[in-house]
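So the structure is just underneath, and the comments pick up after that.
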There are 2 protein chains.
Amino acid sequence: MAALVTVGEFSRLTHLSVKTLHHYHEIGLLAPVSVDPSSGYRRYGTTQVDTALLIRRLRELRMPLAEVRELVETPDSARREETLRAHLERMEQELAHTRDVVTSLREMLTPGQPALDVDYRFVPAFRAYGVRDQVEREQIGPWCERTFGRLGAIGAEYGILATPGATYSDDFFTEDTGEVVAFLPVAPDQVPADGVEIVDLPGGFFAIGVHSGPLNDFDRTYGALGSHVAEHCQVAPGPIRELYVVSPGDVDDPAAWRTEICWPIQRIPAPKG
Amino acid sequence: MAALVTVGEFSRLTHLSVKTLHHYHEIGLLAPVSVDPSSGYRRYGTTQVDTALLIRRLRELRMPLAEVRELVETPDSARREETLRAHLERMEQELAHTRDVVTSLREMLTPGQPALDVDYRFVPAFRAYGVRDQVEREQIGPWCERTFGRLGAIGAEYGILATPGATYSDDFFTEDTGEVVAFLPVAPDQVPADGVEIVDLPGGFFAIGVHSGPLNDFDRTYGALGSHVAEHCQVAPGPIRELYVVSPGDVDDPAAWRTEICWPIQRIPAPKG
DNA sequence: ATTGACTCTCCGGTTACCGGAGGGTGGAGG
DNA sequence: CCTCCACCCTCCGGTAACCGGAGAGTCAAT
């Protein structure tokens with residue numbers, strides 16, 4: 001009953017190019033019903049149109065072919081829904097991200113960025129409750145939310161008033177994934193607590209820049225501080241620290257947020273004449 | 001004043017990977033201030049951090065590097081704004097498109113599509129006012145709006161009540177760009193009008209499927225009709241026609257829209273016993 | 001002088017195809 | 001039956017924007 005058609009015809013039915021259909025055949029995503037053994041001509045069935053259109057739709061959503069395959073090969077409709085929903089969530093996230101980037105771009109193109117002033121400080125070694133994890137750049141938002149939620153709860157339990165912070169390994173920035181340690185300073189004799197470890201952070205000199213306001217141009221402050229350090233100081237080994245002086249957990253208004261970025265340096269540079 | 005740093009350091013300042021920086025150097029988008037002639041080591045200036053971050057932001061918006069280059073190399077801020085705005089517009093468009101695709105996907109994954117019934121008809125040759133253009137798939141929406149706006153205005157002027165339509169060359173679907181002719185039938189002795197040509201559409205047999213409702217799953221109706229034709233008819237050469245029986249220009253409610261898709265066939269097939 | 005962290009270039013691979021060369025097929029017309 | 005033309009095949013290379021790794025050179029400190 002279902003007629004067999006050539007690639008060209010199938011292409012017209014599905015609005016997928018012949019090249020694309022060849023490709024899908026090659027990778028085994030959408031194989032024709034039969035292939036003439038002598039001529040190599042592909043024959044598609046008209047019942048495949050629906051599958052082809054489904055694939056086309058998913059591709060329009062920029063879904064990678066690997067996921068598309070997973071989806072079209074899964075007969076279980078619950079799991080299909082699941083995969084799809086996950087993808088949509090990613091797209092929503094991307095969209096939100098886009099909006100952020102756009103606003104920060106606007107600020108960037110209209111010049112007049114205020115100069116960052118940098119503070120030098122010696123920070124003694126201290127002990128803290130810590131949560132250590134290998135985190136991907138993209139996941140850092142949710143991770144922080146979870147982790148500082150937990151740390152905050154423990155802090156409240158023990159009546160700790162210290163400012164929380166985190167250290168970020170270089171890899172985290174350059175490889176898009178690396179070790180992050182969220183910490184909440186405690187007294188040296190503090191008892192262990194559930195779900196967190198005790199970490200000892202080394203002391204040293206730091207160049208410190210303060211980022212105020214929403215986080216969408218955080219990297220500019222970061223770059224400005226880094227530039228300053230490169231120009232005026234000798235960097236020291238060790239991860240960069242951030243101190244969340246006023247964080248999203250404290251107040252809702254993004255304008256009030258304050259983060260201190262602490263860049264390890266060898267010593268405090270001599271002021272210029 | 002501005003210190004020179006190595007790629008690695010610059011990478012840390014900008015959160016661009018070393019590989020990426022190499023790439024940008026190679027294509028001349030962001031060249032280091034100097035390159036050591038003996039060792040080949042790159043030296044970046046801290047003043048380049050801002051440019052690098054700008055590039056990073058634009059890339060996060062998926063802007064192609066060619067455009068990014070255009071933008072960062074343009075000192076004229078008006079033109080920069082222009083390029084940026086154009087890009088944002090494209091993204092908005094893409095977003096809207098995404099929403100459409102998603103809704104139609106939902107419908108697709110929950111089965112139960114009503115069978116399309118196909119009508120056979122002989123359509124005599126007729127004359128029409130026509131607008132012929134080479135159109136890209138992506139541009140078809142705005143193009144139709146413009147073109148049918150114009151045709152509608154001319155039709156109103158002459159008191160023409162006919163149903164407008166369009167023909168689409170095969171290339172339009174398979175190559176993503178091809179000839180489209182929007183037409184509005186007129187009497188054979190109709191006088192020429194400004195901005196449109198007189199076209200004569202050949203008569204013949206057609207298999208006709210009606211698509212009702214919003215256009216987001218238009219291609220499914222299209223595929224269903226094509227499948228039907230492949231199974232029951234012999235196709236005839238010539239472009240596919242669409243007749244806009246009830247179009248967005250007539251009513252705002254998408255549910256009321258009706259489009260007839262006309263697939264050229266050799267003859268009306270004999271009904272099956 | 002050696003270590004170890006860093007850097008260089010070059011080559012290949014990735015994803016989802018597109019374009020074209022060079023050659024075989026299939027049905028229609030002469 | 002032959003020829004034509006549209007269609008089809010495979011194979012090769014290219015695209016964008018990088019990533020990964022090999023093999024080798026470099027820098028600063030110990």
Side-chain angles (χ1 to χ4, degrees), chain A residues 4-12 14-32 34-44 52 55-69 136-137 169-171 174-177 234-238 266, chain B residues 4-12 14-32 34-44 52 55-56 58-70 136-137 169-171 174-177 234-238 266:
Chain A
L4 294 181
V5 298
T6 62
V7 252
E9 267 171 295
F10 197 69
S11 159
R12 253 160 268 145
T14 59
H15 299 168
L16 291 165
S17 78
V18 172
K19 287 285 184 186
T20 302
L21 291 170
H22 282 180
H23 184 57
Y24 291 170
H25 182 194
E26 193 173 290
I27 65 172
L29 173 61
L30 182 66
S34 75
V35 179
D36 186 311
S38 79
S39 69
Y41 277 32
R42 293 163 177 85
R43 297 286 160 178
Y44 290 86
I55 294 172
R56 197 165 81 95
R57 279 204 172 56
L58 296 171
R59 284 297 303 142
E60 282 179 52
L61 299 178
R62 299 173 180 283
M63 186 184 279
L65 282 183
E67 268 173 69
V68 171
R69 162 179 303 164
E136 280 178 49
R137 269 285 267 297
S169 76
D170 278 356
D171 287 357
T174 57
E175 312 281 296
D176 275 10
T177 172
Q234 278 190 286
V235 307
Q266 297 285 0
Chain B
L4 294 181
V5 298
T6 62
V7 254
E9 267 170 294
F10 197 68
S11 161
R12 253 160 267 144
T14 59
H15 300 169
L16 291 165
S17 78
V18 172
K19 286 287 184 185
T20 303
L21 290 170
H22 282 181
H23 184 58
Y24 291 170
H25 182 194
E26 193 172 288
I27 65 171
L29 173 61
L30 182 65
S34 75
V35 178
D36 186 310
S38 79
S39 70
Y41 276 32
R42 293 164 176 84
R43 296 288 161 177
Y44 290 87
I55 294 172
R56 198 165 82 94
L58 296 171
R59 283 298 303 143
E60 282 178 51
L61 299 178
R62 298 173 181 284
M63 185 183 279
L65 282 183
E67 267 173 69
V68 170
R69 162 179 302 163
E70 222 178 297
E136 281 178 50
R137 269 286 266 297
S169 77
D170 278 356
D171 287 357
T174 58
E175 313 280 298
D176 275 9
T177 171
Q234 279 190 283
V235 307
Q266 296 285 359

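Residue numbers begin at 1 in each chain, while the letters A, B, ... track the order of the sequences.
Judged as a side-chain contact (heavy atoms from CB on, under 4.5 Å), and not counting sequence neighbours, the contacts of B:Ala31 are B:His25. Applying the salt bridge (charged side-chain N to carboxylate O under 4.0 Å, His left out) test to A:Arg12 and every residue at least two apart in sequence or in another chain returns B:Asp170. By the salt bridge (charged side-chain N to carboxylate O under 4.0 Å, His left out) test, A:Glu136 pairs with no residue at all, sequence neighbours left out. With sequence neighbours left out, A:Gln234 forms a side-chain hydrogen bond (donor to acceptor under 3.5 Å, both in side chains) with A:Arg267. Under the side-chain contact (heavy atoms from CB on, under 4.5 Å) criterion, B:Arg56 pairs with A:Arg137, A:Asp219, B:His15, B:Leu16, B:Leu53, B:Glu60, not counting sequence neighbours. Every residue was checked against the salt bridge (charged side-chain N to carboxylate O under 4.0 Å, His left out) condition with A:Arg59, not counting sequence neighbours, and none meets it. In this view, B:Asp171 satisfies the salt bridge (charged side-chain N to carboxylate O under 4.0 Å, His left out) rule with no residue, not counting sequence neighbours.
At whole-Å resolution of the value, CG in A:Leu61 and P in C:dT15 are 20 Å apart. The separation between A:Gln266 atom CD and D:dA29 atom P is 10 Å, rounded to whole Å. A straight line from NE2 of B:His25 to P of C:dC10 spans 13 Å, rounded to a whole angstrom. Distance, B:Glu26 CD to C:dC8 C1': 13 Å, rounded to whole Å. To the nearest angstrom, C1' of C:dC6 lies 13 Å from CG of A:Asp170. A straight line from CD1 of B:Ile27 to C1' of D:dC18 spans 10 Å, rounded to a whole angstrom. One atom, CG of B:Leu21, and another, P of C:dT7, lie 10 Å apart when rounded to the nearest Å. The separation between B:Glu9 atom CD and C:dA5 atom P is 16 Å, rounded to whole Å.
When the local axes at the two ends of the helix from C:dA1-D:dT30 to C:dG30-D:dC1 are compared, using 5 base pairs at each end, they differ in direction by 30° after rounding to 10°.
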Across nucleotides 16-27 of chain C, 5' to 3', mark each nucleotide with B, S or - according to how protein heavy atoms within less than 4.0 Å reach it. BBSBB---BBS-
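A donor-acceptor contact shorter than 3.5 Å is absent between the side chain of A:Arg42 and the backbone of A:Leu21.
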Test side-chain contact (heavy atoms from CB on, under 4.5 Å) on B:Val18 and B:His22 and set out the steps. CA-CA 6 Å; B:Val18 172; B:His22 282 181; 3.8 Å; yes
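Using a 4.0 Å cut-off, no side-chain N or O of B:His22 falls inside it from OP1 or OP2 of D:dC18. Between A:Arg42 and D:dT10 there is a side-chain polar atom (N or O) within less than 4.0 angstrom of OP1 or OP2.
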